[in-house]
Amino acid sequence: MIRRLPIAFALLPLAGLLAGCPGGESTCDDRGLQEVEWFQDRDRDTYGNRTVVIIACEDRDPSGLPDSPESFVRDATDCDDLRPAVYPQAIELCDGLDNNCNGAIDDGLPFNDFWLDNDGDGFGDPALQVEACSTPDNGANRPGDCDDSNPNVNPDAFEICNGIDDDCDTFVDDDDDAPLLEGGVDTSTGQPWRPDIDSDGYGNWNASTELYACEQPDGYVADATDCDDTDAQINTTNQEICNGIDDDCDQLFDDSDPSLDAATQTVWYRDADADGHGVPDESILTCTTPWFYALVDDDCDDADPLVLSAADTTWALDADGDGFGAGTPSEPMCTAPSAGFVSLVAGTDCDDTNPDIFPDQIEVCDTVDNDCDELIDDDDLWFEEGGVSVDSMSAWFQDGDGDGFGNPNQGFLSCLPIGNEVSDFTDCLDGNPDINPAATEVCDGLDNDCDFRVDDNDDNLDVDSGTVFTRDADGDGWGNLQDVIRSCAVPDGYVAEFGDCDDNDAAIGLPTNWWPDVDLDGQGSGTVSTPASCTPPGPDYVPWYIDSVEDCAPDDDLAESGEEICYDGVDQGCDGRDYLLIADGACNLVLPDTCLQAQAMQPIIPGGQAIEGTLAGAVDNLDTANNPSCANNAQSAATERIMKVLVPANMRLRARHRVVSADSVVYLLSSCFSVASCEVGAGIAGSNQYETLIYDNVSSVDEIHYLVLDGRRRTSDSREFRVELFLEEIPAP
């Protein structure tokens, strides 16, 4: 049986809670159950509302059915049964609710400062601050709004010309003079102003001088009509006058401006003959002088430029009719006193008997003063007004070498030459009197006759000035006198030397001396035949020359080449040695590649390169008689070694040497950068097992290094030896 308790809310129907009780209503006692309180769980969060409770049988079914009432639970700790996110042990959320029913809202959550933002511009009123875990309605996370009723006023706004502090930096309009990108005023929202430098109240009309600002800056005005802001007398209110300036800034000046003050204009008189004197009955009023007008009106005859005013016009008789008079002038008057008289305004005739001589005449080269200026010919400079005519002048050219031919690059025009000039201009080298168009071409590499052809290329060449060349048919450098030619340069197939014994055989040249070649090895010895001849005096002869080396073994054909083969048992060089060793006064070795017994190794591979041999008895291989300083450098010819080694950058060259048999052996190991600088005997002495550092290459490039390996015995018996050379990296310091 279910007992109902008074509750403040309607209960859910309990029909079916006691289902399964046949024969009528069954009690909890009948079922062996206790009556317990059940609390309503409307939000199904398993926590019940303690204010809505029913009494029903306890629930022994772990599943909660069918004995538990629907939407009721035994727990009564839910503080808000309409929200499933609100119950004890719930996670507190930033939602303005007591999610975990501990009596505190949003407790344990981080709170931030917010400010009331009534105008919704993202900035709040700094005086209205609240703390919350999330942005409240009409809130902002940034303060600083100086007018929270205007969304256009906040710290992120641009300052504009409107009389208010738009960006809340306490500066208004022009007072906010920071750069625009840093929050300064946007002057484009203001008014354009123009400078008024001359303080006449009118601004410069040049648009490039325009300045935008909210308020009028000092020295600026709103007007933009002043065309000259440096002169206060020039602006739109001024009167245009004759001065060549646009006084009223209407882009018109002087006579072209209808507003011109006529009182500033000048009266001009018609001057048809352009003699500077006009007539009084025809005038015009302008600022500047019009064409064919003059300031004075006293012209006696405006059709004759030679007739001026009465006071300026005198007359004289023109006897030769050239328009210029001579003799005593008449009294000043406007008209000629009688026939044959002309005005003297243009000048006086210096020869009134010759109609070709008068002041306006052109001066020419004729030794006469044609233009009556008292200057004759070259004295009357052609570039001055009335000077001598260029057309009458002659061209003269510098003749520096006096051969009668002038330099075409140094000429001038005049009536007569002034120095050593000539009228000819064909000299191609004016510093040499032997070179000119009349000279003869000779073999000297110069164009002697100035025809732009030199030596053999000139058909006018004097062949006797050339060299005799002879034909060299076999190309051995020697010609024969049967075919001779003269020329400046060597022709193809010809040579300057002659005397060839056989010009058809290149092996046969000039006559030579001969000596016997008994062993037929190509190297002669004995008595040299004289005089020189083209053919040998007999069989088995070879040519003899100044630098010929006599055969040291005339009966041995192996000693013939003169090029030593080291240690082959034959003295090919005929120098008493079976190897090449040259020592100079400083005991320096010069060894050709053919005698590198160790063979050149470039480079020695890391790990070692062994050289083995036998030390024989001490032998002095140097010329101690001529080189006393080398006397103590006894060497064993059988063990001498020269090695050329490429030492890479940052690598170390080391040597390890030992004696296989007895002691008393001295090793000499020297190193150098050039074969010629390897000093014999310099180096390190050692015996038995010995290792030494030869060279550290600490540079950044590879270097060639030469090694001289020598052995010397204290006794006369032989000793075997072994030397190992190897490369390794230089250890880090």
Side-chain angles (χ1 to χ4, degrees), residues 269-279 289-296 298-399 406-408 410-425:
Y269 300 94
R270 180 66 176 173
D271 180 15
D273 55 10
D275 58 4
H277 295 260
V279 294
T289 309
W291 285 99
F292 297 104
Y293 278 82
L295 277 173
V296 295
D298 59 352
D299 200 339
C300 293
D301 184 352
D302 203 29
D304 187 350
L306 299 180
V307 180
L308 306 179
S309 66
D312 298 325
T313 306
T314 58
W315 306 81
L317 181 63
D318 179 17
D320 55 11
D322 57 9
F324 292 85
T328 303
S330 69
E331 293 295 328
M333 61 186 67
C334 276
T335 59
S338 61
F341 277 74
V342 295
S343 171
L344 294 179
V345 174
T348 301
D349 200 339
C350 58
D351 186 352
D352 204 30
T353 64
N354 189 338
D356 295 324
I357 298 177
F358 50 85
D360 280 349
Q361 180 64 290
I362 297 174
E363 186 74 23
V364 295
C365 294
D366 60 358
T367 70
V368 176
D369 181 13
N370 308 93
D371 54 3
C372 296
D373 61 357
E374 299 182 1
L375 299 173
I376 299 175
D377 293 356
D378 289 323
D379 292 335
D380 202 346
L381 298 181
W382 65 271
F383 51 83
E384 293 182 356
E385 184 177 355
V388 65
S389 169
V390 175
D391 293 338
S392 70
M393 292 182 178
S394 299
W396 303 95
F397 301 89
Q398 180 72 33
D399 180 17
N407 187 340
Q410 294 184 1
F412 59 87
L413 294 174
S414 67
C415 294
L416 296 173
I418 59 175
N420 60 349
E421 297 84 12
V422 294
S423 59
D424 178 87
F425 56 90

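How far OG1 of T367 is from CG of D378: 11.5 Å, rounded to the nearest 0.5 Å. For the atom pair L416 CG and M393 CE, the distance stands at 10.5 Å (nearest 0.5 Å). Between the SG atom of C334 and the CG atom of D298 there is a distance of 8.5 Å, given to the nearest 0.5 Å. Of the inter-residue distances, the one linking S392 atom OG with L413 atom CG reads 10.0 Å to the nearest 0.5 angstrom. For the atom pair OG (S330) and CG (L317), the distance works out to 11.0 Å, reported to the nearest 0.5 Å. Here the CE atom belonging to M333 is positioned 9.0 Å from the CH2 atom belonging to W315, to the nearest 0.5 angstrom.
Between D373 and D380, the closest heavy-atom pair is OD2-OD2, 2.6 Å. A pairwise comparison of heavy atoms in C300 and S309 identifies SG-C, 3.3 Å as the closest pair. Contact detail for L308 and V345: the closest heavy-atom pair is CD1-CG1, 4.0 Å. When all heavy atoms of D299 and D275 are compared, the closest pair comes out as OD2-OD2, 3.0 Å. Looking at every heavy atom in both residues, E421 comes nearest to W396 through CB-CB, 3.7 Å. What you find for V307 and T313 is that their closest heavy atoms are C-OG1, 4.1 Å.
The backbone N or O of I376 sits nowhere less than 3.5 Å from a side-chain atom of D369 that would complete a donor-acceptor pair. Under a 3.5 Å cut-off, the side chain of D399 and the backbone N or O of V422 do not form any donor-acceptor pair. Distance alone, capped at 3.5 Å, places no donor-acceptor pair between the Q361 side chain and the N370 backbone. Panel note: side chain D302, backbone A272; a donor-acceptor pair is recorded below 3.5 Å. In terms of modelled atom types and a separation under 3.5 Å, the side chain of D371 and the main chain of D360 share no donor-acceptor contact. When atom types are taken as modelled, the side chain of D352 and the backbone of A319 share a donor-acceptor pair closer than 3.5 angstrom.
Summarising the local packing, CZ of F341 is surrounded by more than 12 heavy atoms from other residues, nucleotides or ligands at distances under 6.0 Å. Enclosure of atom CZ in F412 by more than 12 non-hydrogen atoms of other residues, nucleotides or ligands within 6.0 angstrom is indicated.
The closest side-chain heavy-atom distance from D273 to D271 is below 4.5 Å. Within the 4.5 Å cutoff, the side chain of F292 has heavy atoms near those of the R270 side chain. Between S343 and T314 there is no side-chain heavy-atom pair separated by less than 4.5 Å.
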Would you please test L375 and E363 for side-chain contact (heavy atoms from CB on, under 4.5 Å) and show each step? CA-CA 9 Å; L375 299 173; E363 186 74 23; over 6 Å; no

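Taking the six-membered ring where the residue is Trp, F358 and F324 present parallel rings, their angle staying beneath 30° rather than reaching 60°.
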